[in-house]
Structures are given as structure tokens and as C-alpha cells.
Amino acid sequence: QVQLVESGGGLVQPGGSLRLSCAASGFFLDLAAIGWFRQAPGKEREGVSCVSSSDGGTYYVDSVKGRFTMSRDNAKNTVYLQMNSLKPEDTAVYYCATDVSGHFRSWCPISPGVYGYWGRGTQVTVSS
């Protein structure tokens, strides 16, 4: 059974950092694409970043490039999102999601509709 559990959220000041974790189980992480998404109050869920399955290539939306870094540890079945230089507009519930179809081995889409399995999210609040 595919399961994803996010952790690491919290309250930070603008310019601060957080490291989110997504613990995966029930599938082979090295065969799956993993995405990070976020949803702010009153807004639609939007993509943040993703990592492809085969070579671990990472992709980011423009709004977080240079500030967020995604990585994966296949041995621990865990993916991470290091968030630096956080801004108030980064405030949202952050979700990880996976696609286990094998379609995204050399790239990955940062699109919520593509991913079939989701965690429950972790709250990130950036405020003074």
C-alpha cells in the first residue's frame, strides 16, 4: 500500500529555512517520481518541485528556484525539500505526492493532476 507522510513544517520568520521530509512506503522509491506541492488558504494547489525516478533530476517552478532544493535518499525511502530564504508567500500546506507508473524516469511534471498518491501535508508558515 502506497503511503506518504510529510514532516518538518513549522513557523519561521521571513528569510529563514525549513527542511521538509516525505517518508515513503509501499513502493520502490527509485522507480517513482516524487513531487512537492503546496496549497495556501483560498488558493488552488500548485506545484513546487519534483524529482524524476531514474537519475534523480530535479525541477522547480520559477518562484522557488535558487531557494528550494529537493533531494532523495532511496535507502531511507525519503525525499526532502530544503527551503531557504523563505518568504511570506511561501506560507501553505505542503504536500508530497508520487507517480509510480514509471512514465517519468528522466523528467517529471510539476502538475498536481499527474500524481496519484498524496500525503496529508505539513503546514509551513512564514511570518514575523
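As the structure is a computational prediction, the values presented were derived from the model and not from experiment.
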Which distance, rounded to the nearest 0.5 Å, do you find between the SG of C50 and the CZ of F104? 9.0 Å

Below 6.0 angstrom between ring centroids: does that apply to F37 and W118? yes

Is the shortest heavy-atom distance from the side chain of V61 to the side chain of F68 under 4.5 Å? no

Grab the two heavy atoms, one from S128 and one from P14, that are nearest each other, plus how far apart they are. OG-CD, 3.6 Å

Within one Ile-Leu-Val-Met-Phe-Trp-Tyr cluster: L11 and L18, side-chain cutoff 4.5 Å: no

Close side-chain approach of L29 and R72, heavy atoms under 4.5 Å: yes

Between R38 and A92 the two heavy atoms that sit nearest each other are CB-CB, 3.7 Å

Crowding at CD, E44 (>12 non-hydrogen neighbours, <6.0 Å): no

State which residues pass salt bridge (charged side-chain N to carboxylate O under 4.0 Å, His left out) with R67; sequence neighbours excluded, sorted by chain then number. D90

What's the verdict on salt bridge (Lys or Arg N to Asp or Glu O under 4.0 Å) for R120 and E6, showing C-alpha distance, side-chain angles and the deciding distance? CA-CA 7 Å; R120 296 193 65 196; E6 303 93 337; over 6 Å; no

Distance-minimising heavy-atom pair for T98 and L4: N-CD1, 3.7 Å

Would you say S52's side chain and G57's backbone share a donor-acceptor pair under 3.5 angstrom? yes

What are the two closest heavy atoms between V93 and G121, and how far apart are they? CG1-CA, 3.8 Å

To the nearest 0.5 Å, what is the distance between CG (N77) and CG (D30)? 8.5 Å

Connected via hydrophobic side-chain network under 4.5 Å: Y115 and V2: yes

Side chains of Y94 and C22 in contact at under 4.5 Å (non-hydrogen atoms): no

Point-to-point distance, once rounded to the nearest 0.5 Å, from CZ of R19 to OG of S71: 6.0 Å

Taking everything shown except R105 itself, do over 12 heavy atoms lie less than 6.0 Å from its CZ? no

Tell me if the OH atom of Y117 is crowded by more than 12 foreign heavy atoms within 6.0 Å. no

Is L31 reachable from M70 through a run of I, L, V, M, F, W or Y residues, each pair having side-chain heavy atoms under 4.5 Å apart? no

Qualifying residue for side-chain contact (heavy atoms from CB on, under 4.5 Å) with L81, from L20, I34, T122, V124: L20

Do Y80 side-chain atoms and D73 backbone N/O form a donor-acceptor pair below 3.5 Å? no

How about P112 and Y95: do any of their side-chain heavy atoms sit closer than 4.5 Å? no

Is any side-chain heavy atom of T91 less than 4.5 Å from a side-chain heavy atom of Q123? yes

Quick one: does S111's side chain have a donor or acceptor within less than 3.5 Å of a partner on P109's backbone? no

Answer yes or no: is there a side-chain heavy-atom contact under 4.5 Å between T58 and T69? no

If every non-hydrogen atom of N84 is compared with every non-hydrogen atom of S17, which pair is closest and at what distance? OD1-OG, 2.8 Å

Between I110 and V48, which heavy-atom pair has the shortest distance, and what is it? CG2-N, 3.3 Å

